[in-house]
Each structure stands twice: as structure tokens, then as C-alpha cells.
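Note: hydrogens, waters and symmetry copies are ignored here, and every other heavy atom, side chains too, is used. Both ligands and their constituent atoms are indexed starting at 1 by order of listing.
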Amino acid sequence: MITKPKGTVDITGNDALLWEYINHLVETVMKSYNYEYIRTPIFESSELFHRSVGETSDIVRKETYDFKDKGDRNITLRPEGTAGVVRSYIENKLYASPDIKKYFYNGTMYRYERPQKGRLRELTQFGVEVLGSNSPTIDAEVISLAYRILELLHISNLQVNINSLGDEESRSNYKKALKKYLEPHLSELCEDCRERFKTNPLRILDCKIDKDGEILKNAPKTIDYLNKESKERFETVLKYLDILDIDYEIDPNIVRGLDYYDHTVFEIVSLDYNDTQQSVLGGGGRYNKLIKELDGPDSYGIGFACGIDRIVEILKNIDLYKDLKKEVECFIMYVSEEEKLHALDIAQNLRLNGVITETNHLDKGLKGQFKEADRLNAKYLIILNDEDLKKGLVNIKDNVTKEEEKIDIDEIVEYIIGSL
Ligand code: HAM
């Protein structure tokens, strides 16, 4: 038997209903915030991720799926969505429009991680990227959008952990202070962190091994190194979050695992499900340097992504989602060959009119069809028989009240739509 690759999941049955529910809600809320759908390739040139997510990030150093295609090109399965959207913005000159660009996406990403609960190799994220505006109103909008989606999914006790990395000057001052502080402690840090000290010391702050140790707990905080402008910017974002009624906590240890961030960075957790590193439901931040670094104009960007796989794990525990039902509105039952022809025709008619319809495809007898209709929670049954059909009539049964009546075959669609 061939089995699925390590770190991937099959989504079927009730879980699939839950996924559909989430996808639908995400799309509805994104549209109400006026975000436009964008779809970029699942694989891109490897160079894109090296130059955006960063050579020194864990993702690029250890977790990408890389291969050479038959044309000897270096290709990488996307580990995240931001880089592709920014590439598309530049390549398609979407920046030429005078308006802000607000995109949302929902798709699979690939990271060669050690699989465990909430950590997969094929993961699905929904997210947004807003390009062309440096306004703190957008920082607040992006954070509140992520927060509201999770809230509308009934995830309790949400909290945004937020920090600011500041502008280039603030970051550079901070880096110096951090290096100075860490240097005497280097031997006490893990091997990766000793390497990070040389390449990108900020990365040390979110090391999975050293993160909770005393050394990092006492390390200087980015927030204390913000210059006046960066500090004011951060305070404005917080003020807007207050207005939008978002529960946040300033967390100076948030630096995020990708290299492209500056200014606002944030992660969202539910305090009720906050036991492991895999509890972070979503994260994001500003990346005002990235567009230029990828050979685009000097413009601005901010976004977030949430992991649907992690969200599903939480929703499965919530009663509300335990009886998401597959809903069939109409089940058409028949036995004879003549009845079958009518069933096919009626089913097609109902479907074209938007009624969720099923019929018998397994040559079952009537008893078996009644059982199948019940399993499908069919609201109405259309029970065909040759004698009624000759008179142009069909038997319709309300499968909840069990009331039955005969109606004209030409009135089926009107009847069902009027009764649903
Ligand atoms: P990220 O923090 O790497 O950010 O991922 C965002 C979310 O994706 C995480 O909070 C988590 O819920 C989910 N996630 C990440 N890795 C896994 C995994 N192995 N298994 C299951 N879920 C996972 C980004 O990807 C940035 N592109 C977000 C962003 C958009 N920043 C600006 N714009």
C-alpha cells in the first residue's frame, strides 16, 4: 500500500466540512475588508526565498524543499506566501496603480520540519499582503483582520503579542547592543545560535532551544532601542488597536523567524490553547525594505498569515463544529429504468437551479435509498413511480415532518425552492 508522505495530511469527512467552513468564512471576511484574491505559483526560483525570507533564517537554511528542474533551474516549493506576492507585485508592475494594493491568499506551503502536532511539512495558510502604504492605519487593519477572523471562528481568549523592530537605524543600534550583551555568553548558547551570532544575531532571540533560558530573558529589548520616529509610529499603531478593541500585549521577544521584517511584528495566540510553540495561530509584520531588496520600487508592505491546520485542531474541540452536517436538499428515488430517466432529468434541473441534489447511483432498492437519504440529511425526497409519472405527477416527501404530497412534475423546482 502506498501511504502519504511524512508531515502531510488527508482531509476528509467532518474535517473536510470544517475546512470548507473556514475557507468560506475567510473569503467572506477578506472581501468585507476589501481584499482582492491573489494566486501565485506553489514553486518559485530558489533565489526568491534566499533573498526575502533570508539566508540565515531557519526556513531557508534547513526547511525548504529544493530541486533542480529538467532545465537545470533551482526551484523551491514555497515555504510561505509573502515572497511570491511581492515578486508578483514587482514583476507585473502592480505598483503602477496610484492605489494601495490589498491582496489575500489561501494555499499550501512546504517546510521540511520535524513533523509533530501543529507542525506539518505541507501546511496551509491564509493571509494578506498590503503593498504601497506605510500608514499605521494599515498595520492596525491587518492585525484586526487576522484577529476578527479567528474571533468569528469562535476561538476563545485571543491575544495579539506585538513588538516593533523599528526602522533601519533603530535595528542597527539594537543589533550592536545585543551583540555586546551576548558576546560573553556565547559558550552557553546552542551551536546554531553561535553561528547566528555571526550571521544574524536577532535570530538568536527566537531560537527554539535557547528562547526560554535566562540569557535571552535578560537580553536587551528592541523596544528600548527605537528612535523617536519608530517609537511614535509604534505608539500610533497601539492607539489604533485600542480603538479597534483588539486585545494585545507588548512582547519584546517577538522578532519572528523571517528576515524581512521591520517596525510592527506580531503573533496571535489563544490563551486557552497556548501550551507549545505550535500554538501560534498566525503572525506577520511590516517589511518596508523587502520590495526594494527584490529589485522593486522603494515602497511599503505589511501582511500576516495564519495556519489553517492549527486552527482546525482547535475548532475540533468546540461543540459548535461537532455537528457540521453534509446537507443534501433533495434526494430523488427511483427503481425502474423509466423512472431512472426522469430522475436524471429532474436532478439536473434542480442542480441548475442551485438545489443540492442527489440520486441513486448504486442500484439500491427503495429501502436502501431511504437509508442513504437519511445519512445525507436530505430535506426533501422525490419518490418516483411509473404510474404517477404517466400522469405527469411526482411524490414529494418532507423528510423532517414526514408529510407527503403529489405535485405536477413541472412544478418541482418551484416547489422545492419555495419550501427550502
Ligand atoms: P510564519 O510565522 O512563518 O509567517 O507562519 C504563519 C503561520 O503559519 C504560523 O503562525 C502557523 O500558524 C502556520 N505555520 C507555520 N509553519 C507551520 C507548520 N510547519 N505547520 C503548520 N502550521 C504552520 C509567515 O509565513 C509569513 N509569511 C507571514 C507574513 C505575511 N508576514 C508578512 N506577511
NZ/NE/NH1/NH2 to OD/OE distance under 4.0 Å, Glu151 and Arg148: yes

Between Asp295 and Arg51, is the closest basic N to carboxylate O distance under 4.0 Å? yes

Glu113 heavy atoms within 4.0 Å reach ligand 1 at atoms 16 (N), 18 (C), 19 (N)

Within 45 degrees of the axis of the six-membered ring of Tyr112 and under 6.0 Å from its centre: does Arg121 put its NZ or CZ there? yes

Using a 4.0 Å heavy-atom cut-off, say whether Tyr287 meets ligand 1 through its side chain, its backbone, both or neither. side chain

So which atom in Ser164 and which in Thr222 form the shortest heavy-atom distance, rounded to 0.1 Å? O-OG1, 3.1 Å

Between ligand 1 and Gly81, is the shortest N or O to N or O distance under 3.5 Å? no

Using only atom types and a distance under 3.5 Å, with no angle test, would you say the side chain of Asn360 pairs donor to acceptor with the backbone of Val335? no

Does any N/O atom on Asp309 come nearer than 3.5 Å to any N/O atom on ligand 1? no

Carboxylate-amine/guanidinium proximity below 4.0 Å for Arg87 and Glu44: yes

Ligand 1 to Tyr260 polar contact by distance, N or O atoms, under 3.5 Å: yes

Between the side chain of Arg111 and the main-chain N/O of Pro79, is any donor-acceptor distance below 3.5 Å? yes

Mind checking whether Tyr37 and Phe104 have parallel, tilted or perpendicular rings, split at 30° and 60°? tilted

With heavy atoms of Glu80 as the reference, note each atom of ligand 1 found under 4.0 Å away. 25 (O), 26 (C), 27 (N)

Considering only heavy atoms, does Arg119 approach ligand 1 within less than 4.0 Å through its side chain, its backbone, both, or neither? both

Considering only the protein, which heavy-atom contact is closest to atom 21 (C) of ligand 1, and what is its distance? Gly118 O, 3.3 Å

I'd like to know if the side chain of Asn173 and the backbone of Tyr225 have a donor-acceptor N/O pair within less than 3.5 Å. no

Measure Arg256 to ligand 1 on non-hydrogen atoms and call it side chain, backbone, both or neither using the 4.0 Å cut-off. side chain

May I ask you to identify the nearest protein heavy atom to atom 16 (N) of ligand 1, giving residue, atom name and distance to one decimal place in Å? Arg111 NH1, 3.3 Å

Would you mind listing which atoms of ligand 1 come within a distance below 4.0 Å of any non-hydrogen atom of Leu281? 10 (O), 12 (O)

Identify, for atom 31 (N) of ligand 1, the protein heavy atom at the shortest distance, and state residue, atom and that distance. Tyr261 OH, 2.7 Å

Please identify which atoms of ligand 1 are closer than 4.0 Å to at least one heavy atom of Val280. 10 (O), 11 (C), 12 (O)

Filtering Leu123, Leu290, Leu120 for the heavy atom nearest atom 14 (N) of ligand 1 leaves Leu123

Can you tell me which residue and heavy atom of the protein come closest to atom 11 (C) of ligand 1, and the distance to 0.1 Å? Arg310 NH1, 3.4 Å

Check this for me: does any side-chain nitrogen of one of Asp58 and Arg61 sit under 4.0 Å from a carboxylate oxygen of the other? yes

Just by distance, do the side chain of Thr8 and the backbone of Lys4 share a donor-acceptor pair under 3.5 Å? no

Heavy atom of the protein closest to atom 28 (C) of ligand 1 (residue, atom name, distance): Gly283 O, 3.4 Å

Going by the atom numbers of ligand 1, which of them fall below 4.0 Å from some non-hydrogen atom of Glu129? 30 (C), 32 (C), 33 (N)

Distance col, row Asn288:CG vs Asp167:CG, nearest 0.5 angstrom, shows 9.5 Å

Heavy-atom contacts with Gly282 under 4.0 Å: which atoms of ligand 1 show up? List them by number with element. 10 (O)

Gly307 heavy atoms within 4.0 Å reach ligand 1 at atoms 7 (C), 8 (O), 12 (O), 13 (C)

Any donor-acceptor N or O pair under 3.5 Å, side chains Thr82, Tyr287: no

Give yes if a backbone or side-chain nitrogen or oxygen of Gln125 is under 3.5 Å from a nitrogen or oxygen of ligand 1, and no if not. yes

Ligand 1 to Gly284 polar contact by distance, N or O atoms, under 3.5 Å: no

